[in-house]
Amino acid sequence: MTRTDRAGRVIAALPATVYGALLDREALETWLPPEGMRGRIERWDPRPGGGFRMVLTYLDPTDSPGKTSEVTDVVDVGFVDLVPPERVVQRAVFEADDPSYAGTMTMSWHLAAAGGGTEVTVAATDVPPGISQADHEAGIASSLANLASYVEALGRLEPAAPRPGPEGGPGDRDRRGLRDR
C-alpha cells in the first residue's frame, strides 16, 4: 500500500498569484525550502514535461543528515501537469545512495478560491519509506507557511501605479522622472 502525506493552508492571495509562485524560479528558491534549509535551483524548465533540479542545504545538519550528502538533499522534479490557476503535479526523485530514499514521489498541489484567498492542499504519494511521514508533513506545512508569507508580502510590496496629474502638477514628469518646471 502506498503512503500519502498531506498538508494544507488557506493563503490570503488569489489563486493566480499562488499559482505564479509555484512556477517562478526565484520564488521557489525563496519559499520552497522548509524551515532550517535553503535552496538553489540548478536547472529550470517550467512547462509540462520540463522541470527543475533543486539543491536543498541543511543550515544545521546535526539532527537531520541529508539524503544526498551530509548537508544536502538534491531532488530532480518533473512537471507532469500544469492547470492554471488550479493545479501543479510534480514527480520528484531524490539523489541518494540509500535505497530507502529511492523511487519517484508525486506531489500534487491543488488551489481553490476560498473567501478572497486560496486554499492550497498538497498530497504526496509514493513517498520513499526513508522519509518519516511526520517529518515530511511538517516540512510541507513549513513550505506552505513560507509560500503564504511570500505571496502575502507581494501584495504589500507591489508599488501602486502612478496616477496621472494635471499638466505641470504631480505625475507630470520629464524622461528623467523629474517634474517639469
Side-chain angles (χ1 to χ4, degrees), residues 2-57 59 73-94 104-127 131 133 135-165 170-171 173 177:
T2 63
R3 183 179 101 204
T4 301
D5 298 350
R6 301 177 193 280
R9 180 183 183 109
V10 175
I11 296 176
L14 296 174
T17 302
V18 176
Y19 184 86
L22 292 171
L23 292 175
D24 180 275
R25 179 183 187 145
E26 290 178 14
L28 277 175
E29 286 181 328
T30 300
W31 68 260
L32 187 57
E35 184 177 349
M37 300 185 92
R38 71 174 179 270
R40 183 182 80 253
I41 293 179
E42 294 184 332
R43 179 179 44 81
W44 182 249
D45 185 8
R47 63 179 175 80
F52 62 96
R53 177 182 178 87
M54 181 172 249
V55 177
L56 295 161
T57 302
L59 301 177
D73 292 347
V74 176
V75 61
D76 284 303
V77 178
F79 291 114
V80 177
D81 191 26
L82 301 174
V83 181
E86 299 172 6
R87 181 176 58 247
V88 173
V89 179
Q90 307 164 329
R91 293 225 170 91
V93 178
F94 286 98
T104 302
M105 174 175 63
T106 300
M107 300 281 294
S108 299
W109 300 74
H110 294 273
L111 314 176
T118 303
E119 181 177 13
V120 181
T121 55
V122 182
T125 57
D126 299 322
V127 180
I131 300 172
Q133 184 167 13
D135 289 347
H136 194 223
E137 288 178 339
I140 297 169
S142 177
S143 292
L144 285 172
N146 294 342
L147 173 60
S149 294
Y150 182 85
V151 297
E152 290 167 3
L154 285 178
R156 291 190 300 272
L157 297 176
E158 289 178 346
R163 295 187 305 178
R173 307 203 181 260

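Note that the structure is predicted; figures quoted are calculated from it, not measured.
- Taking E42 as the reference, R40, R53 meet the side chain to side chain donor-acceptor pair (under 3.5 Å) condition, with sequence neighbours excluded.
- Considering every non-hydrogen atom in both M107 and V122, the closest pair reads CE-CG1, 3.8 Å.
- For the atom pair OG1 (T125) and CZ (R6), the distance works out to 9.0 Å, reported to the nearest 0.5 Å.
- Closest approach of A123 to T4, counting heavy atoms only: CB-CG2, 4.2 Å.
- Pairing each heavy atom of V77 with each of A92, the nearest pair is CG2-CB, 4.2 Å.
- Closest heavy-atom contact between P34 and S143: N-OG, 3.9 Å.
- Every ring-ring contact (aromatic ring centres under 6.0 Å, His included) that F52 has, sequence neighbours left out, goes to W44, F79.
- Annotation: the span from L56 atom CG to M37 atom CE amounts to 4.5 Å, rounded to 0.5 Å.
- Considering every non-hydrogen atom in both A7 and A141, the closest pair reads CB-N, 4.1 Å.
- In this structure, CZ on R9 lies 14.0 Å from OG1 on T121, to the nearest 0.5 angstrom.
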Does the side chain to side chain contact (heavy atoms under 4.5 Å, CB included) test come out yes or no for L111 and E86, once each step is laid out?
CA-CA 5 Å; L111 314 176; E86 299 172 6; 5.6 Å; no
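- Atom CG of L82 and atom CZ of R47 lie 10.0 Å apart (nearest 0.5 Å).
- Within the 3.5 Å criterion, the main-chain N or O of A145 finds a donor-acceptor partner in the side chain of S149.
- Between the CE atom in M105 and the CD atom in Q90 there is a gap of 9.0 Å [rounded to 0.5 Å].
- Applying the side chain to side chain donor-acceptor pair (under 3.5 Å) test to N146 and every residue at least two apart in sequence or in another chain returns nothing.
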Got a list of side-chain donor-acceptor pairs under 3.5 Å for residues 12-28, not counting sequence neighbours?
residue : atom : partner : partner atom : Å
D24     : OD1  : E26     : N            : 3.2
D24     : OD1  : A27     : N            : 2.8
R25     : NH2  : I41     : O            : 2.7

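- Here the side chains of T106 and R91 are in contact, with some heavy-atom distance below 4.5 Å.
- The nearest pair of heavy atoms linking V127 to A124 is CG2-O, 3.5 Å.
- One finds the OG1 atom of T118 at 9.0 Å from the CG atom of L147 (value rounded to the nearest 0.5 Å).
- Every residue meeting the side chain to side chain donor-acceptor pair (under 3.5 Å) condition with Q133, not counting sequence neighbours, appears here in chain and number order: D5, E137.
- Judged as a side chain to side chain donor-acceptor pair (under 3.5 Å), and not counting sequence neighbours, the contacts of R43 are D76.
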